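What you see is a predicted model, and the numbers here were worked out from it, not measured in a lab. Throughout, numbering of the chain's residues begins at 1 and tracks the sequence.
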Amino acid sequence: MIAKPTMERDDPEWKFFDTARVNVSGGDGGKGCVAFRREKGEPMGGPSGGTGGRGGSIYLVCDPSMNTLAPLRKRVHLRAGKGVNGMGKGKGGAAGKDLYIPVPPGTMVRDLTTKKLAGDLTEAGDTLIVAKGGRGGRGNAAFMTPRNTAPRLAEHGEPGAQRWLNVELRLVADVGFLGVPNAGKSTLLAATSAARPKIANYPFTTIIPNLGVCDLEGNGQGLVMCDIPGLIEGAAGGAGLGPAFLRHVQRCKVLLHMVDGSSSDPLGDFRIINKELQEYDRFLSDKPQVVVLNKIDIPEVQEKADDLIRQLKEEAGHSRVLTISAVTMNGIKDLMRRIKKFVDAQPDTELPPPPEIEFSKAGLDFDSDDYEIISDPAYPGQWRLSGSYIEQIAKMTHWEYPEAVERFGRQLQALGIAAELDKLGAEEGDLVMVDKYDFEYSPKSTNPYIPDELLRRDEMAGETAELETAEDQQPWQPYRKGGFLLDDSDEMHGFDSDDWDLLDENFEDPKYNFEVFEGNEQFSTEFPDDEIW
């Protein structure tokens, strides 16, 4: 059972549709079957138990038609189909149905517990497995050998992988807009593309990222631009709305740094944004920038435009500084044309980050030698076995079959676990725990484990059998001195109750002289003393 992770109520990233937390569960494999072939003319047909079907897996598929994780946020729990159990006559179970979940380009998947990256979906059709289905349990036909021609054991299906995922979206764009709140970023996006972001004369009008495409030449190869909420001082530490969306400009080739010319300190705003970028991600701060001085249509800004441009060039360390007016469209075409050439000249140096964790493995795919034996001095005589492989074996063992229990003991010996326990000082009768299964250590026995539930079941079955036997058995019913069972009809067949009187009248001679009367005829029979009955 995987516990649901805790989450703060006011988590800023949870308020938007570019992050999602989901629980994925691969389908369990079907159970193996114990069956034997019984047909006319085949008195010893042999085992015919089929193997269970594999469980379904869960995949994330990159879909270019999507641009948000909102559909994924509505389905917190994702479960693939279970495999069908095996059947007799060698019939294998059907496989469980796989589950394919579409996600937008730029989706990154991480394990929620370890925060390790599992994969990055950027191109159409990219597929990432996030929960592998379990293998089907083998039937008794799979365990037949020349020495064991009639095995009576099968396996449970392998449980499917279960985990919590943190899915985040990093939009794929050519140009990312940066700047303080109310600098005119959304106005520029609306002026150069068909996007219609919210525009108003107050800070933090933009609260979610916006995408737009500027196609100057009309050939379908325009610039993809991304507008994120404005940044303020302390954004790298969590202030404002910008930190939750800085990830969206990490994939951009070029950053368009927009400076509000009407601000009280435009140069100070420029320095603050660059400082926050460096503190948030050094790789992001090293990306090439184009500096734009906006609101040049205001007379006060026009008067100091030359001084601001010179200061911005000195502060930026390059000459890519332009002046525009997003409201009047002054200088926008020249800006877009230059940015297009600058973006095309940038090399495709960004490579997808290497995966840090692999979700394509199930329990039996891990190394069998990768296990750990844990003991606590405070609890002597107790040992805990942990490891994906050995725990999966314990889950798949069908404990109701004695031969399966023996096989589990042989597996402990084959994996070297029994020898390692002996080396660590385990003694006869010590408690050994594997996942949720506990058993007493018995180094000389191949049956180290009998589940408590089976012992209780056998005990209840024994008590029920004794009770039924006591009810069926009737007490002795004495008749005169000897007594007999009234229901013993076989013993008393042909012997009537009146015959007892006949024996009492004639059985008087201690030397076994007696007379037998049959009808009207009288007999006299004498036995000599030396005759033995």
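- Within 6.0 Å of atom NZ in Lys304, more than 12 heavy atoms from other residues, nucleotides or ligands are found, so the atom counts as buried in its surroundings.
- Atoms CG and NE2, on Asn85 and His156 in that order, are 10.0 Å from each other to the nearest 0.5 Å.
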* Stepwise side chain to side chain contact (heavy atoms under 4.5 Å, CB included) test for Leu153 and Phe143 -> CA-CA 8 Å; Leu153 77 156; Phe143 294 99; 4.0 Å; yes
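- Residues Asn330 and Ser325 have side chains that never bring a donor and an acceptor to within less than 3.5 angstrom of each other.
- One finds a salt bridge joining Glu315 and Arg271 here, because a Lys/Arg side-chain nitrogen approaches an Asp/Glu carboxylate oxygen to under 4.0 Å.
- With Val24 as reference, Ile58 is the one residue of Leu99, Ile58, Leu60, Val109 to meet the side chain to side chain contact (heavy atoms under 4.5 Å, CB included) rule.
- The environment of CZ in Arg338 is sparse: at most 12 heavy-atom neighbours from other residues, nucleotides or ligands sit within 6.0 Å.
- More than 12 non-hydrogen atoms from other residues, nucleotides or ligands lie less than 6.0 angstrom from CD of Gln302.
- The aromatic rings of Trp164 and His77 sit perpendicular to each other, their planes meeting at more than 60°, with 30° as the lower class boundary.
- Between the NZ atom in Lys31 and the NZ atom in Lys82 there is a gap of 9.5 Å [rounded to 0.5 Å].
- No salt bridge links Lys395 with Glu391; every basic N to acidic carboxylate O contact stays at or beyond 4.0 Å.
- Under a 4.0 Å N-O distance rule, the pair Arg407/Glu155 qualifies as a salt bridge.
- For Gly261 against Leu293, the heavy-atom pair with the smallest separation is CA-CD1, 3.7 Å.
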